Amino acid sequence: MAEYFVLNTGARIPSVGLGTATGKAEPGVVGAAVYAAVKAGYRHIDCAPQYRNEKEIGLTLKKLFEDGVVKREDLFITSKLWSGNHAPEDVPEGIDTTLEDLQLEYLDLFLIHTPIRSKKGAIPTPENFLPVDIPATWGAMEKLYHSGKARAIGVSNFSCKRMEDLLAIASVPPAVNQVESHPGWQQMKLRELCKSNGVHISAYSPLGKPGSPGSMGKGFLSNPIVVSVAEKLQKTPAQVALRWGLQMGHSVLPKSVNETRMKENLSVFGWSIPEDLMAKFSEIPQVKTLRAEFVVHPQGIYKTVEDFWDGEI
């Protein structure tokens, strides 16, 4: 399997990227992780203003370029539109702030982070949510694509219904839908919809998120099927989970600030899961770990978790 997937723009997205949503990491930790990851061979860094570390990552990218570790064109950098910048007139400000913080002239991929719009400048809590207008926001995203500031545009956390609605009105179709996907939440219906429309799925939390805020479930890495496949192939459960994603046609975005773990997560090429073992993954119970219950409010836009995910949980 190649180390890249080809997007509908013709651009190549690396099969494995580094997620940078590390929660409350101490200052410098994420920057050091990005530097170590790129030195280890990672070429895709997944960022977002919501992670509150883009300035730190920008300093690291500058150092990587100055040290001659990589050139800008060697890297694929993704970032996302903050919920407070959904108004069409605010979308350019959203990308400009990110480009300034990352010290870059363009992004390889810019995503609508969630189908959530909040009041500009307000904390994105349910009482500050506004009705989304995805067609209007997407129109502004398309202008960024045509300007060259975003070489590809896409979405994140979009259900099948939201994808269908967007595809129906988009002049520039989304290149990517970044969603939770792993053996414990396989998203088969969404995967087929995206595949049939030329939209690449990029999987965040490809190792699950047990114990994370807003997450539920034990985590699938201890599932007997995953453990058994790992033992047969002499790999770790995490490597098997990541390799499953690649063979399903997804790019994967594991998070780690541990250099050994980062290298392990990149060691998913040069071997594969045989078809008979891949078939066993369909027996794994499906549990969505990131349910996003923080968006729910009795008087809010989303009154239940099911409302937010359009019943697709």
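Computation of the quantities below employed the complete heavy-atom set of this structure, encompassing side-chain atoms and omitting hydrogens, waters and symmetry-equivalent molecules. All figures in this text were calculated on a predicted structure; none of them were measured in a lab.
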Ignoring hydrogens and angles, write down the donor-acceptor pairs under 3.5 Å from the side chains of residues 103-116, residues two or more places apart or on other chains.
from	atom 1	to	atom 2	distance (Å)
Asp108	OD2	Arg72	NH1	3.0
Asp108	OD2	Arg72	NH2	2.8
Asp108	OD2	Ile77	N	2.8

So the side chain to side chain donor-acceptor pair (under 3.5 Å) pairs with at least one residue in residues 164-179 (sequence neighbours excluded) are Asp46-Gln178, Lys161-Asp165
Residues pairing under ring-ring contact (aromatic ring centres under 6.0 Å, His included) where one sits in residues 26-49, two or more places apart or in two chains, turn out to be His44-Phe76
Those residues at least two apart in sequence (or on a different chain) that pass side-chain hydrogen bond (donor to acceptor under 3.5 Å, both in side chains) with Asp90 are Lys120
Closest heavy-atom pair, Glu312 versus Cys160, reported as atoms and distance to 0.1 Å, is OE1-N, 2.8 Å
Is there a side-chain contact between Pro49 and Thr97 in this structure, where contact means two heavy atoms from C-beta onward sitting under 4.5 Å apart? no
Quick note, ring-ring contact (aromatic ring centres under 6.0 Å, His included) partners involving residues 137-168, not counting sequence neighbours, are none
Hits for side-chain contact (heavy atoms from CB on, under 4.5 Å) against Glu100, two or more places apart or cross-chain, chain-then-number order -> none
With sequence neighbours left out, the residues meeting side-chain contact (heavy atoms from CB on, under 4.5 Å) with Pro135 are Asp133, Ile169
Besides Val257, the hydrophobic cluster formed by Ile, Leu, Val, Met, Phe, Trp and Tyr side chains linked at under 4.5 Å, directly or via other members, contains Val29
Taken in chain and number order and not counting sequence neighbours, the residues that satisfy salt bridge (charged side-chain N to carboxylate O under 4.0 Å, His left out) with Lys235 are none
Those residues at least two apart in sequence (or on a different chain) that pass side-chain contact (heavy atoms from CB on, under 4.5 Å) with Ser228 are Lys232
Residues passing the side-chain contact (heavy atoms from CB on, under 4.5 Å) test with Thr304, sequence neighbours excluded, are Glu306, Asp307
ring-ring contact (aromatic ring centres under 6.0 Å, His included) filter on His200, not counting sequence neighbours, yields Phe5
